Trainee: 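Input: one structure, supplied below.
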There are 2 protein chains.
Amino acid sequence: MKVTIYHVAKEANVSIATVSKVINNNGRISEKTRKKVKDVMEKLNYRPNMLASALMGKQTKTIGLLIPDLANPFFSELARSIEDRGHELGYNLVICNTDYESDKENQYLALLMQKSVDGFILASGFENLEKVEELMKQDIPVVIVARDFPMFSVNAVALDDFMGGYLAANHLIELGHQNLGVVARDLWSNRERLRGFNHALAENDLKINSNFEFIHEIDHIKAGREMAEKYINSDNGPTAIFACNDLLAAGVIQMAKQLGLNVPKDLSVIGFDNTSIATIIEPPLTTIAQPIQSMGKEVMDLMVSIIKGEKEEKSRITLLPSLIKRKSTV
Amino acid sequence: MKVTIYHVAKEANVSIATVSKVINNNGRISEKTRKKVKDVMEKLNYRPNMLASALMGKQTKTIGLLIPDLANPFFSELARSIEDRGHELGYNLVICNTDYESDKENQYLALLMQKSVDGFILASGFENLEKVEELMKQDIPVVIVARDFPMFSVNAVALDDFMGGYLAANHLIELGHQNLGVVARDLWSNRERLRGFNHALAENDLKINSNFEFIHEIDHIKAGREMAEKYINSDNGPTAIFACNDLLAAGVIQMAKQLGLNVPKDLSVIGFDNTSIATIIEPPLTTIAQPIQSMGKEVMDLMVSIIKGEKEEKSRITLLPSLIKRKSTV
DNA sequence: TTGAAAGCGCTACCAT
DNA sequence: ATGGTAGCGCTTTCAA
């Protein structure tokens with residue numbers, strides 16, 4: 001049989017109330033009793049049942065993390081860094097893949113609420129604010145990461161995506177490119193990057209290549225390939241492409257090579273994220289870096305401070321991207 | 001206030017026992033009452049508290065997944081496929097990064113047991129069987145994945161690593177290589193791959209390059225680079241290298257290029273896993289494929305059948321690797 | 001400083 | 001067919 005607080009109490013000749021107090025380190029307990037109880041706990045190898053204490057209103061020390069796709073290196077690296085920080089702080093992570101589908105998002109939210117997680121970290125597409133508002137109304141801690149709702153009061157750790165796009169465009173423009181393509185998905189973050197990109201273009205009286213359109217394919221490498229093919233086979237193909245993530249960039253590069261182009265000589269490609277694949281692909285990818293480690297740490301720290309009630313106001317932490325020059329642009 | 005079973009009972013003019021019965025679809029309930037209760041649950045938007053029912057001995061519908069490192073594409077893809085299947089079957093996954101450290105493994109196990117997870121899926125290094133035996137003694141469902149304990153009666157979904165190594169060696173040998181290097185970590189799976197590799201060599205009166213030694217670096221790309229450097233700079237450098245995972249292979253290829261070698265002309269490289277990075281790197285990587293999707297599905301299915309008590313005996317499912325020829329070997 | 005007892009929200013047994 | 005009730009293992013007043 002599993003050893004419970006009753007066994008400990010009996011063995012130590014005290015009440016369960018006393019045991020509970022020493023477990024939680026509160027209430028006034030004599031040093032002597034405390035030691036006696038601790039010894040018994042040790043001896044019996046007692047482990048408090050967290051379900052029971054959670055049922056009494058204590059925390060579950062579990063956070064729900066909703067992300068689009070763990071197989072995307074950006075998200076797996078982000079999840080990794082969030083989990084790391086969570087572990088340091090004593091929290092576990094339930095990780096859920098949403099595939100950018102609202103249905104799945106809602107299912108997971110409902111299920112994890114039934115399981116009484118202490119809060120949600122949302123890295124998912126989450127185009128519908130409603131659900132998020134609903135959570136907040138119920139006083140459930142929520143933090144958005146790698147994603148932003150500028151018009152909306154919510155805790156968030158975000159990247160300045162606009163600036164990222166702006167940096168990418170300027171790099172390309174400085175290199176002398178005038179005909180620029182973009183590969184992006186119709187998500188908030190991507191739209192922001194695109195907006196920053198266009199902003200820089202406008203400053204130089206340039207316009208994005210007319211073949212641009214949002215991609216829909218979920219498999220990013222494939223999406224990158226398809227969009228690259230479209231650009232390259234068009235009459236006025238761009239000389240440089242800004243891919244809104246590294247995976248997309250990898251697809252673009254693959255297709256470019258396949259069609260006989262040299263990257264970067266015939267086509268410059270710049271990515272976004274700076275995941276581990278950026279250094280693996282050939283040529284090494286020039287990309288806009290997101291500080292993934294910091295994002296993970298910040299978001300977990302923010303979550304914990306909210307759970308502990310240390311935050312009265314909503315916070316938004318905006319991290320800045322940076323340009324990493326490698327060999328895929330010239 | 002959160003709506004509980006009491007609210008529903010009151011509103012529907014029945015007892016909580018009756019409500020419980022309709023929730024769980026058991027006991028004899030008249031169609032009329034059932035409908036009435038269901039309507040009230042709907043109206044009140046009632047969601048049973050899973051902590052409470054778990055405390056009564058029901059399942060938590062949560063599985064612990066221990067893996068070495070989510071940032072490694074093989075593991076993130078595996079985690080993804082396990083999570084997918086779990087979601088279909090109504091289970092959530094708590095994912096834990098162990099970094100191959102026993103300490104972390106033990107911490108996570110202890111913590112998740114306190115949280116009463118329904119079972120553990122272990123993809124981690126787990127060199128010490130003791131903990132695993134302990135879990136099994138306590139009748140906690142455990143399944144090992146991507147890892148095997150051949151001498152040990154435990155549920156497992158494994159790859160035939162020996163065969164994988166054997167395939168890799170034969171491919172290289174058929175290509176005419178005689179001086180073969182290996183990059184591996186001192187883990188069971190890697191040792192098996194190595195054993196299979198050596199077996200094929202022995203059949204051809206060949207021996208592994210004498211500079212071989214296990215790597216220790218956690219960062220696999222870096223480890224691959226370092227080992228490649230060592231091989232290449234030695235007097236009797238190999239003409240082909242078998243890297244025990246794709247990340248390692250990526251590192252090897254990077255370093256080979258950096259040192260001015262052409263892959264595959266000057267050095268053939270074969271990887272293991274067939275993760276998404278295999279097609280991204282240049283040249284596209286010849287590798288030994290693990291059926292990651294099937295592994296994820298099988299391991300989750302096995303876990304659930306154990307939880308449901310459908311398995312009396314231990315099962316070991318062994319999947320077979322296959323050779324994927326691309327451009328990194330010649 | 002310690003303990004008795006009342007729950008937390010739910011399940012399951014036993015009556016009715 | 002339905003309901004009363006005793007827990008599950010723990011926390012938290014409130015008395016002693």
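So you know, we letter chains A, B, ... as the sequences are listed, proteins then strands, and number each from 1. Since the structure is predicted, the reported quantities are computational estimates derived from the model, not experimental observations.
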Trainee: Report yes or no: does K297(B) contribute a side-chain atom to a donor-acceptor pair with the main-chain N or O of I292(B) at less than 3.5 Å?
Mentor: no
Trainee: Using five base pairs at each end, measure the axis-to-axis angle across the helix from dT1(C)-dA16(D) to dT16(C)-dA1(D) and round it to 10 degrees.
Mentor: 40°
Trainee: Hey, which sits more toward the 5' end of DNA chain D by its nearest nucleotide, R34(B) or Y46(A)?
Mentor: R34(B)
Trainee: Heavy atoms only, 4.0 Å cut-off, all strands: where does S20(A) land among base, sugar-phosphate and nothing?
Mentor: base
Trainee: Please state how far atom NE2 in H7(B) lies from atom C1' in dG9(C), giving the value in whole angstrom units.
Mentor: 11 Å
Trainee: May I ask you to check whether R47(B) and N49(B) show a side-chain donor-acceptor distance below 3.5 Å?
Mentor: no
Trainee: Salt bridge check, E88(B) against R85(B): does any charged N sit closer than 4.0 Å to a carboxylate O?
Mentor: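 Salt bridge present between R85(B) and E88(B).
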Trainee: Report yes or no: do Y91(B) and Q59(B) form a side-chain donor-acceptor pair below 3.5 Å?
Mentor: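 Side chains of Y91(B) and Q59(B): pair found under 3.5 Å.
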Trainee: Could you tell me whether a side-chain N or O of N155(B) sits under 3.5 Å from a main-chain N or O of K314(B), the two making a donor and an acceptor?
Mentor: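 Such a contact is absent between N155(B) side chain and K314(B) backbone.
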Trainee: Rounded to the nearest angstrom, tell me the gap between atom CG in N24(B) and atom P in dT11(C).
Mentor: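 To the nearest whole Å, that distance equals 5 Å.
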Trainee: Can you list the steps and then say if D161(A) with S189(A) is a side chain to side chain donor-acceptor pair (under 3.5 Å)?
Mentor: CA-CA 6 Å; D161(A) 287 300; S189(A) 64; 5.0 Å; no
Trainee: In whole Å, what is the span from the CZ atom of R28(A) to the C1' atom of dG3(C)?
Mentor: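 My rounded result for the distance is 15 Å.
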Trainee: Report which part of the nucleic acid I16(B) touches: base, sugar-phosphate, or nothing (heavy-atom distance under 4.0 Å, all strands).
Mentor: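 Base: the residue I16(B), judged by heavy atoms under 4.0 Å, touches a nucleobase.
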Trainee: Output a table of nitrogen or oxygen pairs between the protein and nucleotides 13-15 of chain C separated by less than 3.5 Å.
Mentor:
none

Trainee: If I take atom CE in residue M56(A) and atom C1' in nucleotide dA5(C), what distance separates them, rounded to the nearest angstrom?
Mentor: 12 Å
Trainee: Between K61(B) and D118(B), does any NZ, NE, NH1 or NH2 come within less than 4.0 Å of an OD or OE carboxylate oxygen?
Mentor: no
Trainee: With distance as the sole criterion, is a donor-acceptor pair present between the side chains of K58(A) and N24(A) under 3.5 Å?
Mentor: yes
Trainee: Would you tell me if any nitrogen or oxygen in the side chain of Y6(B) comes within less than 4.0 Å of OP1 or OP2 on dG7(C)?
Mentor: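 So the side-chain polar atoms of Y6(B) never come under 4.0 Å of the phosphate oxygens OP1 or OP2 of dG7(C).
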Trainee: Return yes if some donor-acceptor pair links the side-chain N/O of N97(B) with the main-chain N/O of D99(B) below 3.5 Å, else return no.
Mentor: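 A pair under 3.5 Å: no.
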Trainee: Could you tell me whether a side-chain N or O of N92(A) sits under 3.5 Å from a main-chain N or O of T62(A), the two making a donor and an acceptor?
Mentor: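 No; zero donor-acceptor contacts below 3.5 Å.
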Trainee: Would you kindly give the CG-to-C1' distance between N26(B) and dT11(C), to the nearest whole Å?
Mentor: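 Rounded to the whole Å, the gap is 9 Å.
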Trainee: What is the distance, rounded to the nearest whole Å, between atom NZ of K58(B) and atom P of dG9(C)?
Mentor: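 About 18 Å, once rounded to whole Å.
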Trainee: Choosing from dT1(C), dT2(C), dG9(C), which nucleotide comes nearest the side chain of T4(B)?
Mentor: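 Closest nucleotide to the T4(B) side chain: dG9(C).
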Trainee: I'd like the 5' and 3' limits of the part of DNA chain D contacted by chain B, with heavy-atom contacts below 4.0 Å.
Mentor: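 Counting from the 5' end, contacts occupy dA1(D) to dG9(D).
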Trainee: Would you say T60(B)'s side chain and S116(B)'s backbone share a donor-acceptor pair under 3.5 angstrom?
Mentor: yes
Trainee: Would you mind classifying the nucleic acid contact of I29(A) as base, sugar-phosphate or nothing, using non-hydrogen atoms under 4.0 angstrom?
Mentor: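 Counting heavy atoms under 4.0 Å across all strands, the contact made by I29(A) is with sugar-phosphate only.
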Trainee: Hey, does the side chain of S15(A) come within less than 4.0 Å of dG3(C)'s phosphate (OP1/OP2), counting only N and O?
Mentor: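 Checking S15(A) against dG3(C): at least one side-chain N or O falls below 4.0 Å of OP1 or OP2.
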Trainee: Salt bridge between K35(A) and D39(A), side-chain N to carboxylate O under 4.0 Å?
Mentor: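 Looking at K35(A) and D39(A), the cut-off is met.
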Trainee: Any base atoms under 4.0 Å from V19(A), or only sugar-phosphate, or nothing? Heavy atoms, all strands.
Mentor: nothing
